[in-house]
Structures are given as structure tokens and as C-alpha cells.
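Bear in mind that the values here come from a model prediction, so they are computed numbers and not experimental data. Whatever order the structure lists ligands and atoms in, that order sets their numbers, starting from 1.
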Amino acid sequence: MKVSVSFLKYQNSKEETIKKILDTSADYLHVDIMDGLFVKEKNDNLDEFIYLLKNVNKPLDIHLMVLNPKEYIDKLSILKPEFITIQAEILNPLVYIKQIKDYHIKVGLAINPNTSIEKIAKYFEYLDLILIMSVYPGSGGQKFIPDVINKIKEIPRDHILVSMDGGINDETIKNLKNDLDICVSGSFICLSNDYESQIAKLRK
Ligand code: DX5
Ligand code: ZN
């Protein structure tokens, strides 16, 4: 299982937090972008993200919690991310799935806790990743919703990677390690004083 680290919650500055993540053995940097529409919170200054992330030495795992991803995808493609993940609950996700693929970027579809796998089965053939949200998106540091675990076994694993995002820590990950390709973890790592040892606890 790979570890993707989210820096939505941090102790000092965003810049310092990113730098500290880049100094760990984390597999991906998870980038949460919110538009104030799909979720209440807003942090979608793309020029700032591009400035912060343009020289990072880890693959980027971008999570767009936005209602209309078109411009976000166009602008962020310059960063050559490993994945761009959009939310399944927006209008016409297939349009953006195709837009991401046109940039030769791997495409992920995130599903909120109350969205079923059945509802997104029609997109399976286009997807590289499914991001099972284990909290309602919008903020870091929320409590893990265990019901979503059942979704894992409904996903065809021949070509789709499975990731989980929200409330992941050394306890909530315990029985999941063998079933996930990637776990996203934010506050468990970035609110600690030793990022590397927290990452090791997730993998152990
Ligand atoms: C939730 C975000 C998550 C979150 C993860 O809206 O998509 O990536 O920041 O942070 P923790 O691990 O604190 O739930
Ligand atoms: Zn996220």
C-alpha cells in the first residue's frame, strides 16, 4: 500500500509542511483543491498551487473538490501530476474524465460516503483510480466513516487502483492495508512532530 500525504491541515506554514512531506518516504503528495461551491471551503488559488508545486520531486495526486473542473484541469496539467481525481457527484463527470485523459494524466473518480459504486460503474472502463471518501469532503481532521469499507470489494481490480481518503490513521487503517493500493492521510501525519514515523505506522 502506498501513502499519499495531504497538507490541508498543518502546524506552521503550508510551504514548510510541503517541504517536510517531500523529505519523507511518502509515495505521493495529495493536493486538495476546494472551490467553495462543491464544498463550503475554498482554497482554489491555482497560481499559488502552481508556484508551490512546480518543482516538487514526488508524484502529485490532485483531488479536485470542485463543481466545474474544466479550468482547473487545464491549468494544473502544467504540473504533470500522476493523478487528477474529480468528484463523481458533479454534472457530467465523463466530460472531465476525457479531458484529463487527453492530457495523458491518470484519472481518478472520488465518491462521497453516500455515493454507491453502482452509480459509477458506467465509468469503470475510463478510470485509473477510485478514491473512496471515508469522510464528507471539505476539511481535514474528520472522523473516519467505517461503512465505506464495503465499497472496496465492489471495484474491479484488473485496471483500477483503489485509494481511500479521510480520517486515516494507524487505527483506522489496520484492517485495510491489504485491500488498498493507496491511502491518503493528512492530519495524522502533518499535525505530528515526526512525519516519517507516522508514515511508517500506516505501512506497518
Ligand atoms: C477531505 C480531503 C482529505 C483530507 C485528509 O476533504 O479530501 O484529503 O484532507 O485529511 P485527514 O487525513 O486529516 O482526514
Ligand atoms: Zn483529498
Engineer: Which atoms of ligand 1 are found less than 4.0 Å from any heavy atom of His63?
Structural biologist: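 So the atoms of ligand 1 that pass are 7 (O).
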Engineer: Please find the pair of heavy atoms, one from Lys151 and one from Pro113, that lie closest to each other, and give the distance.
Structural biologist: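 Shortest heavy-atom separation between Lys151 and Pro113 comes out as NZ-O, 3.1 Å.
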Engineer: Please check if any side-chain donor atom of Asp74 sits under 3.5 Å from a side-chain acceptor atom of Gln99, or the reverse.
Structural biologist: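 On atom types as modelled, these side chains qualify, holding a pair under 3.5 Å.
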Engineer: Would Asp32 and His30 count as having a side-chain donor-acceptor pair, cut-off 3.5 Å?
Structural biologist: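 Present: a donor and an acceptor within the cut-off.
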Engineer: Within the structure, does Gly186 bring an N/O atom to less than 3.5 angstrom of an N/O atom in ligand 1?
Structural biologist: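 Checking ligand 1 against Gly186, an N or O pair does fall under 3.5 Å apart.
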Engineer: What is the name of the N/O/S atom of Asp165 that is nearest to the Zn ion (ligand 2)?
Structural biologist: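 Checking each N, O and S atom of Asp165, the shortest distance to the Zn ion (ligand 2) belongs to OD2.
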Engineer: Are there more than 12 heavy atoms of other residues, nucleotides or ligands under 6.0 Å from atom CD of Glu71?
Structural biologist: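 Not buried by this count: 12 neighbours or fewer within 6.0 Å.
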Engineer: Looking at His63, which of its N, O or S atoms is the nearest one to the Zn ion (ligand 2)?
Structural biologist: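 For His63, the N, O or S atom at the smallest distance from the Zn ion (ligand 2) is ND1.
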Engineer: Which of the atoms in ligand 1, numbered in the order shown and given with their element, are less than 4.0 Å from a heavy-atom of Gly166?
Structural biologist: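 Here the atoms of ligand 1 in question are 14 (O).
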Engineer: Within a reach of under 6.0 Å around CG of Asn175, are more than 12 heavy atoms found that belong to other residues, nucleotides or ligands?
Structural biologist: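 No, CG of Asn175 has 12 or fewer neighbouring heavy atoms, counting only those of other groups under 6.0 Å.
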Engineer: Can a donor-acceptor pair be found between the side chains of Gln11 and Thr17 at a distance below 3.5 Å?
Structural biologist: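 No, Thr17 and Gln11 have no side-chain donor paired with an acceptor closer than 3.5 Å.
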Engineer: Closest non-hydrogen protein atom to atom 14 (O) of ligand 1, residue and atom name please, with distance?
Structural biologist: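 Protein heavy atom with the smallest distance to atom 14 (O) of ligand 1: Gly167 N, 2.8 Å.
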Engineer: Need the ligand 1 atom indices (1-based, order shown) with element for anything under 4.0 Å from a heavy-atom of Met65.
Structural biologist: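 Taking each heavy atom of Met65 in turn, ligand 1 has 6 (O), 7 (O) under 4.0 Å.
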Engineer: So, of the N/O/S atoms that His30 has, which is the nearest one to the Zn ion (ligand 2)?
Structural biologist: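 Sorting the N, O and S atoms of His30 by distance to the Zn ion (ligand 2) puts NE2 first.
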Engineer: Quick one: does Ser185 get an N or O within less than 3.5 Å of an N or O on ligand 1?
Structural biologist: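 No, there is no polar N/O contact under 3.5 Å.
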Engineer: Mark up the atoms of ligand 1 that fall under 4.0 Å of a heavy atom belonging to Pro137, in ascending order.
Structural biologist: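 The list of qualifying atoms is 6 (O).
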Engineer: For atom 2 (C) of ligand 1, what is the nearest protein heavy atom, given as residue, atom name and distance?
Structural biologist: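 For atom 2 (C) of ligand 1, the nearest protein heavy atom comes out as Asp32 OD1, 3.4 Å.
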Engineer: Charged N to carboxylate O below 4.0 Å: is that the case for Arg203 and Asp27?
Structural biologist: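 Judged by the 4.0 Å cut-off on N to carboxylate O distance, Arg203 and Asp27 do form a salt bridge.
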Engineer: Quick one: which ligand 1 atoms are inside 4.0 Å of a heavy atom on Met133?
Structural biologist: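 That gives atoms 7 (O) of ligand 1.
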Engineer: Tell me the protein heavy atom at minimum distance from atom 4 (C) of ligand 1, and give that distance in Å.
Structural biologist: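 Nearest neighbour among protein heavy atoms for atom 4 (C) of ligand 1, to 0.1 Å: Asp165 OD1, 3.8 Å.
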Engineer: Taking all atoms of both residues into account, what is the closest heavy-atom pair of Met65 and Gly138, and its distance?
Structural biologist: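 So the minimum-distance heavy-atom pair works out to SD-N, 4.0 Å.
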Engineer: Please identify which of these residues, Ser6, Ser4, Ser163, meets the side-chain hydrogen bond (donor to acceptor under 3.5 Å, both in side chains) condition with Asp61.
Structural biologist: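 Considering Ser6, Ser4, Ser163, a side-chain hydrogen bond (donor to acceptor under 3.5 Å, both in side chains) with Asp61 is found only for Ser4.
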Engineer: How close does the nearest protein non-hydrogen atom get to atom 13 (O) of ligand 1, and which residue and atom is it?
Structural biologist: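 Answer for atom 13 (O) of ligand 1: Ser187 OG, 2.5 Å.
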Engineer: Looking at ligand 1, would His30 count as a contact under a 4.0 Å heavy-atom criterion?
Structural biologist: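 It does, in that a heavy atom of His30 comes within the 4.0 Å cut-off of ligand 1.
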Engineer: Closest to the Zn ion (ligand 2), which N/O/S atom of Asp32 is it?
Structural biologist: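 It is OD1, the N, O or S atom of Asp32 closest to the Zn ion (ligand 2).
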Engineer: List the closest protein heavy-atom neighbour of atom 6 (O) of ligand 1: residue, atom name, distance to the nearest 0.1 Å.
Structural biologist: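 Answer for atom 6 (O) of ligand 1: Gly138 N, 2.7 Å.
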Engineer: Can you tell me which residue among Ile160, Leu109, Asp158 is in a side chain to side chain contact (heavy atoms under 4.5 Å, CB included) with Phe124?
Structural biologist: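 Going through the options one by one, the only one that passes is Ile160.
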Engineer: Taking only Lys NZ, Arg NE, NH1 and NH2, and the carboxylate oxygens of Asp or Glu, determine whether Asp170 and Lys204 approach each other closer than 4.0 Å.
Structural biologist: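 No, Asp170 and Lys204 are not salt-bridged.
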Engineer: Ignoring hydrogens and geometry, is there a side-chain-to-backbone donor-acceptor pair from Glu196 to Ser25 under 3.5 Å?
Structural biologist: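 Pair found, side chain donor or acceptor close to backbone of Ser25.
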Engineer: Counting only heavy atoms not in Lys2, do more than 12 fall under 6.0 Å of its NZ?
Structural biologist: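 No, not enclosed.
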Engineer: When you measure from atom 9 (O) of ligand 1 to every protein heavy atom, which one gives the shortest distance, and what is it?
Structural biologist: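 For atom 9 (O) of ligand 1, the nearest protein heavy atom comes out as Ser6 OG, 3.1 Å.
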Engineer: What residue and atom, counting heavy atoms only, is the protein's closest point to atom 1 (C) of ligand 1, and at what distance?
Structural biologist: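 That would be Ser139 O, 3.7 Å.
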Engineer: Looking at ligand 1, does any of its N/O atoms fall within less than 3.5 Å of an N/O of Gly141?
Structural biologist: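 Yes: some nitrogen or oxygen of Gly141 is under 3.5 Å from one in ligand 1.
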Engineer: Heavy-atom contacts with Gly140 under 4.0 Å: which atoms of ligand 1 show up? List them by number with element.
Structural biologist: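 This gives 9 (O), 10 (O), 13 (O) as the contact atoms.
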